[in-house]
Amino acid sequence: MKLKRRGLAIGLFLFILAICIGAILFLYHYKSGMSTVQVAVIAFVMIVIWSLAEGFLMKTLVDTSVYYCPDCHERIKPSAVEYFLTMRTVNQAYLKCPKCQKRRWCKR
Ligand SMILES: [Zn+2]
């Protein structure tokens, strides 16, 4: 739980940082007219920070996602790939239970 909070906090912080850099970039660009290279470099840095933020948030989400089979109540921990490819709602995911080997809507 503690780890989840920290991951989310870091992710959100990086998101905000990326948005701030973006805002500053646009303001500066309109005011002083930076060169294309400068804009490109800052945009690149922004994208890197943004990806890191997303990575952090996604990793935290995947790490803390545990589902339970509705039939046998087996604990299902989807892999990152499975997590993103499967159909999902806020508290349910369409996963394959490792015990019954069937795909079902599993609750968190
Ligand atoms: Zn099952």
Side-chain angles (χ1 to χ4, degrees):
M1 206 57 193
K2 216 173 184 181
L3 200 90
K4 183 185 177 182
R5 269 208 202 142
R6 202 170 62 178
L8 285 176
I10 294 168
L12 283 174
F13 171 74
L14 289 174
F15 257 120
I16 292 162
L17 194 70
I19 292 165
C20 288
I21 293 171
I24 292 165
L25 168 75
F26 278 112
L27 281 175
Y28 266 152
H29 188 55
Y30 280 119
K31 269 190 177 175
S32 58
M34 280 191 298
S35 71
T36 318
V37 179
Q38 278 173 309
V39 174
V41 168
I42 297 170
F44 177 74
V45 171
M46 204 183 119
I47 290 165
V48 170
I49 295 171
W50 191 278
S51 317
L52 274 174
E54 244 174 277
F56 260 115
L57 285 175
M58 291 309 163
K59 195 183 178 305
T60 309
L61 274 176
V62 173
D63 282 353
T64 53
S65 291
V66 177
Y67 295 89
Y68 294 92
C69 174
D71 285 349
C72 64
H73 304 288
E74 175 79 4
R75 194 172 178 270
I76 305 166
K77 179 103 185 63
S79 69
V81 177
E82 204 178 2
Y83 185 84
F84 290 114
L85 293 181
T86 191
M87 288 187 284
R88 239 173 329 125
T89 66
V90 180
N91 50 19
Q92 282 186 316
Y94 194 67
L95 296 165
K96 191 178 180 183
C97 172
K99 209 172 170 186
C100 7
Q101 298 292 318
K102 280 177 190 167
R103 286 196 166 268
R104 283 192 184 85
W105 281 100
C106 302
K107 281 190 177 176
R108 257 184 209 275

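For ligands, and for the atoms within them, numbers begin at 1 and follow the listed sequence.
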Subject >> Residue list, side chain to side chain contact (heavy atoms under 4.5 Å, CB included) with Ser51, at least two apart or on another chain >> reply: Ile47
Original post:
Are Arg88 and Tyr67 side-chain neighbours, meaning at least one heavy-atom pair lies under 4.5 Å?
Top reply: yes
Original post:
Which N, O or S atoms belonging to the protein are less than 2.8 Å from the Zn ion (ligand 1)?
Top reply: Cys69 SG, Cys72 SG, Cys97 SG, Cys100 SG
Original post:
Tell me, do Tyr83 and Leu95 make a side-chain contact under 4.5 Å, heavy atoms counted?
Top reply: no
Original post:
Is the number of heavy atoms from other residues, nucleotides or ligands under 6.0 Å of Arg108 CZ greater than 12?
Top reply: yes
Subject >> With sequence neighbours excluded, residues passing side chain to side chain contact (heavy atoms under 4.5 Å, CB included) with Lys99 >> reply: Cys72, Glu74, Cys97
**OP:** Would you please name every residue forming a side chain to side chain contact (heavy atoms under 4.5 Å, CB included) with Lys77, sequence neighbours left out?
**Re:** Val66
